[in-house]
Number of protein chains: 2
Amino acid sequence: MNVPRHKLAPHCAECPIRHKAVCARCEADELKRLEEIKYYRSFEAGQTIIWSGDKMDFVGSVVSGVATLTQTMEDGRTQMVGLLLPSDFVGRPGRNGAPYDVVATTDIVMCCFRKTPFETMMNETPHIAHRLLEMTLDELDAAREWMLVLGRKTAREKIASLLCIIGRRHASLTPDGPSGSMVFDLPLTREAMADYLGLTLETVSRQMSALRKDGIIELKGKRHVIVPDLGRLMDVAGDDSDGGFYG
Amino acid sequence: MNVPRHKLAPHCAECPIRHKAVCARCEADELKRLEEIKYYRSFEAGQTIIWSGDKMDFVGSVVSGVATLTQTMEDGRTQMVGLLLPSDFVGRPGRNGAPYDVVATTDIVMCCFRKTPFETMMNETPHIAHRLLEMTLDELDAAREWMLVLGRKTAREKIASLLCIIGRRHASLTPDGPSGSMVFDLPLTREAMADYLGLTLETVSRQMSALRKDGIIELKGKRHVIVPDLGRLMDVAGDDSDGGFYG
DNA sequence: CGGGCAGTTGACGTGCGTCAATTAGCGTGG
DNA sequence: CCACGCTAATTGACGCACGTCAACTGCCCG
């Protein structure tokens, strides 16, 4: 399951996440330094990338694939607290322990840096530190938006909100014909969706069926989703009009 | 309602939040530059400091008092997404619109900077940028911990979790005898607690009464809380043992 | 054909929301 | 000092959305 290194963007300049990841603002010479300390790691769907509580000796970016960030209580209740898509950053410079489980939900490739050299480089490279701050603030906004979903929305609204978010991020990665419709594959099982939404998998399943019956979505197979009218989905989600505005 | 300026730490070196706020890492010369662009603003309990959607032309730190960060849906449902205590930072360098309402829940004093000069200074002062990154990462962790509370905990556990958090932060601001007990005043109404926890105010009230009957907490008046045995409260909160560990 | 896992659907129970009445706390004015 | 009004908080009765438990279906891979 190791992807041969030479296939994976030997030069950062050709990397698919070059302009969105933590390195987005770097100049050519800075990229060169990063190239010297980076290495790729691959994981299969289902593998745990990082265990909560373990020492974390690396940080990195998702290059391709999807991973989730989850917290678990002693009695087994779990809550997903983040969805990691390509260009998202994993790990926290300046802290050793990993606070959450990171699990690959599809096959995934990560661009990693050992923590200490990365921290050193961050201290000497404002472009990296600034980009990381910017990304962290975006994640904080996303987490807070999610708090509204978890705390105040109904099951139906929660499902619609999740579909909106996944669809929106999918669209931003594959810029195609916009218009009012949307098509994508769910990278999550019903159980993972439930963990994200603070629901049970049965409720997720029922609400997906309900949305299908109401014509808000269509399903081909279990995972392939078609949204004929994005506006209607957003209405169901209860999002105020500015949905997706990121200044 | 204006606090006379000369009463409020003319020199940053004497500021009560000097070592915890965004300026914590600054050297003497950097503090001096900050002093030149800072100004104080005071707000009464109940006043809205920033309206969601408004242009934000300043950023700043809470010096004393408590404020809340809330999101509201069109139909009026609201969710609190942050609790701002002394030393917490408000505003986002690099973005113009304010995403949330910021409301003072007690009388409050803030140390403010106009956004543009602050951004300029941040770009030239790694100490500020690094501290801001560190604080933002802490807030992100707190938001994610809160997602677990909102998504998976029962009403009883939610109340206990909130009391733990407020008590813990209170203790960190007023270092007194530790041991297993704790005493503090709630800075929130029952309704504000409900908005934080994704509950109704009636459920909050009922669960507070239940915790009192079970001897987990004692109440003097409506707001003064005594926790005789912190361990028992944390058990009720369902926190895993590492509660409060911040590496 | 069979075993296993993801997903769907149904029947039933319950935790919390909703609606409403009552009480407690506190400043204000006669 | 008490009456008054206002708001915060408590408590009760009832209903519903979602959880729980369980049976069943479809699909993949051997």
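Values below: every heavy atom of this structure, side chains too, minus hydrogens, waters and symmetry copies.
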- Message: Any base atoms under 4.0 Å from A:S205, or only sugar-phosphate, or nothing? Heavy atoms, all strands.
- Response: base
- Note on the structure: To the nearest angstrom, the CD-C1' distance between A:E191 and C:dT8 comes to 15 Å
- Can you tell me the distance, in whole Å, between the CZ atom of B:R77 and the P atom of C:dG17? 13 Å
- Message: The test is salt bridge (charged side-chain N to carboxylate O under 4.0 Å, His left out); show your working for B:D88 and B:K20 and say whether it passes.
- Response: CA-CA 8 Å; B:D88 281 338; B:K20 298 190 70 181; over 6 Å; no
- Selection from C:dG17, C:dT8, C:dA11 that lies nearest to any side-chain heavy atom of A:R206: C:dA11
- For B:F58, is the NZ or CZ atom of B:R41 found under 6.0 angstrom from the centre of its six-membered ring and inside 45 degrees of the ring axis? yes
- Task: Give the first and the last nucleotide of DNA chain D, reading 5' to 3', that has any atom under 4.0 Å from a heavy atom of chain B.
- Result: D:dA9 to D:dA13
- Message: Please report the distance, rounded to the nearest Å, between CG in B:L197 and C1' in C:dG17.
- Response: 15 Å
- Just wondering, do A:L83 and A:L188 contact through their side chains at under 4.5 Å, heavy atoms? yes
- Taking the side chain of B:K222 as heavy atoms from C-beta outward, which of C:dT8, C:dC16, C:dA24 is closest to it? C:dA24
- Task: Select base, sugar-phosphate, or nothing to describe what B:R156 touches, counting heavy atoms under 4.0 Å on all strands.
- Result: nothing
- Message: What contact category does B:S209 fall into here, base, sugar-phosphate, or nothing, at under 4.0 angstrom with non-hydrogen atoms?
- Response: sugar-phosphate
- Message: Could you check whether the side chain of B:E202 and the base of C:dC19 have a donor-acceptor pair of N or O atoms closer than 3.5 Å, going by distance alone?
- Response: yes
- In A:H224, A:H170, A:R223, the residue satisfying side chain to side chain donor-acceptor pair (under 3.5 Å) with A:D185 is A:H224
- Message: Set out, in order, the CA-CA distance, both residues' side-chain angles and the distance that settles side chain to side chain donor-acceptor pair (under 3.5 Å) for A:D101 and A:S52, then state yes or no.
- Response: CA-CA 5 Å; A:D101 290 328; A:S52 164; 4.6 Å; no
- Query: Taking OP1 and OP2 of C:dC16, is either one under 4.0 Å from a side-chain nitrogen or oxygen of B:T200?
  - Reply: no
- Message: Whole angstroms only, please: what is the CG-P distance between A:L219 and C:dT9?
- Response: 10 Å
- Query: Are B:E139 and B:R144 close enough, and set up right, to give a salt bridge (charged side-chain N to carboxylate O under 4.0 Å, His left out), and what steps lead you there?
  - Reply: CA-CA 9 Å; B:E139 277 189 275; B:R144 284 172 167 166; over 6 Å; no
- Rounded to the nearest Å, what distance is computed from the CG atom of residue B:L201 to the C1' atom of nucleotide C:dA24? 15 Å
- Do you know which of B:T72, B:D195, B:T78, B:D75 makes side chain to side chain donor-acceptor pair (under 3.5 Å) with A:R152? B:D195
- Query: Which whole-number value in Å describes the distance from A:L199 CG to C:dG7 P?
  - Reply: 15 Å
- Interatomic distance where CD belongs to B:E157 and P belongs to C:dG15 [whole Å]: 12 Å
